Amino acid sequence: MKIYLDNNATTRLDDDAFDAMIPFFKEEYGNAFSLHLFGRETGKAVAESRKVIADLLGVLPEEIIFTGSGTEGDNLAIRGVARAYKNRGKHIIVSSIEHPGVRNTCKDLEKEGFEITVLNVDKNGVVDLEQLKSAIKDETILISVMHANNETGVIQPIEEIGKIAKENKILFHVDAVQSMGKLEINPKEMGIDLLVFTAHKFYGPKGVGALYVRNGVRLGKVITGGGQERKLRPGTTNTPLIVGMAKALEKAYAEREEENKRVGELRDYFEEEISVRIPEIVINGKNVPRLPGTSSITFKYVEGESILLSLSMKGIAVSSGSACSSDELQASHVLLAMGIPAEFAHGTIRFSLGKYNTKEEIDYTIEAVVEIIGKLRMMSPLWNEFNR
Ligand SMILES: *Cc1c(COP(=O)(O)O)cnc(C)c1O
């Protein structure tokens, strides 16, 4: 048995998205920028894909810039704003729970003389709006807060932040990688100026993403080259992946309501069973709105890495802390920001469910988790101490 519960790290490609790409890997190979007949075919497919995505978001096709990943979109948005608006000010406000694509980009800008204010989150993992308001100053050019967190699934008050940004004439960047295809996103109504997403988190191919840039927002160049993507992302257009992303997003929107309900019920059932059968656990973000498929659970007095490896031996794939830092044994910055002590943060596992998961898989996983936590705790000095 192989069970994939790491859908926040990446997802399996949707069959229809795969089929839509095939012609563009084979006979339709023209450069979408070429004026000849080969280019016209692929150029048309790219334009159609751009329109499909723009329509789903309620924005204009010209406001969509194709990128190579979510990380690249975050870089282009933040560095692009920093370069274009640095004469107006060099202050950026960012939350403490961002993905490395945002976090490390801001750290890098700090070395270039930008001032970065990092916003706290409360114990539920929600950003502090009062702190945001008081952090704003004349030099603030950008606020960056993600829509839904990749580790906990906790959803941020994006509309309120959008209002605050607009009132203060500050640009607002949102990393919507985890929420795209799952939550309602309307950049125009939510006051979002820059929005980032990536196909492989919604059953599209890896290596393609997009950045929405509201008309009127200027971006400095991060990559220089030819004229593709309004000169902001030069390089030969990746037609097959763009076509695959549009198809995957179209499908995610069509299936969204039903899937959110189904996956949400599976997740709730999973958490209910785990809560009843295993003592001394904490479900992170349980009291606030979360993505339907994400379950972040702290198992006190055991090591997350041991749980992860034991589950893997039973065929179950999960993540401990942040997927992107799982090769380092550092406690997750997201969990620490929520005030979870480091020793408990280390015992946290993220189960992320997706559209291919079944009730049978969840039942098998529940039994495996109960057995593994029981065994690991019997060997844990901390657990034995706690129980004395
Ligand atoms: C996965 C992820 C990214 C990075 O996307 P890539 O396409 O893998 O670069 C950025 N932000 C969040 C919240 C993510 O979960």
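Start at 1 and go down the list; that is how both ligands and their atoms are numbered. Being a predicted model, the structure only gives us computed values, none of them experimental.
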Inset, instruction - Output the list of atoms in ligand 1 that are nearer than 4.0 Å to some heavy atom of T71, sorted by atom number. - result: 4 (C), 5 (O), 6 (P), 9 (O)

Legend entry - Per atom 4 (C) of ligand 1, closest listed option by heavy atom (R103, E98, E72, H99): H99

Legend entry - Ion pair check, K182 and E259, cut-off under 4.0 Å: no

Inset, instruction - Answer side chain, backbone, both or neither: which part of H200 comes under 4.0 Å from ligand 1, heavy atoms only. - result: side chain

Inset, instruction - Flag the pair E48 and K51 as a salt bridge only when some basic side-chain nitrogen lies within less than 4.0 angstrom of an acidic carboxylate oxygen. - result: no

Inset, instruction - Just jot down the ligand 1 atoms closer than 4.0 angstrom to any heavy atom of N150, in number order. - result: 13 (C), 15 (O)

Inset, instruction - Output the list of atoms in ligand 1 that are nearer than 4.0 Å to some heavy atom of T198, sorted by atom number. - result: 5 (O), 7 (O)

Inset, instruction - Look only at interatomic distance and state if G70 has a nitrogen or oxygen under 3.5 Å from any nitrogen or oxygen of ligand 1. - result: yes

Legend entry - For D128, all residues meeting salt bridge (charged side-chain N to carboxylate O under 4.0 Å, His left out), sequence neighbours excluded: none

Legend entry - Close-contact set for ligand 1 against M146 heavy atoms, below 4.0 Å: 13 (C)

Legend entry - ligand 1 contact on K206 by region, counting heavy-atom pairs under 4.0 Å: neither

Legend entry - Residues E265 and K359 bridged, charged N to O under 4.0 Å: no

Legend entry - Qualifying residues under ring-ring contact (aromatic ring centres under 6.0 Å, His included), relative to F172, sequence neighbours excluded: none

Inset, instruction - Measure from NZ or CZ of R233 to the centre of the six-membered ring of F66 and say whether it is under 6.0 Å with the direction within 45° of the ring axis. - result: no

Inset, instruction - Using a strict 4.0 Å cut-off to heavy atoms of K201, name the atoms of ligand 1 that fall inside it. - result: 1 (C), 2 (C), 3 (C), 14 (C), 15 (O)

Legend entry - Point-to-point distance, once rounded to the nearest 0.5 Å, from CD1 of I223 to NZ of K231: 15.0 Å

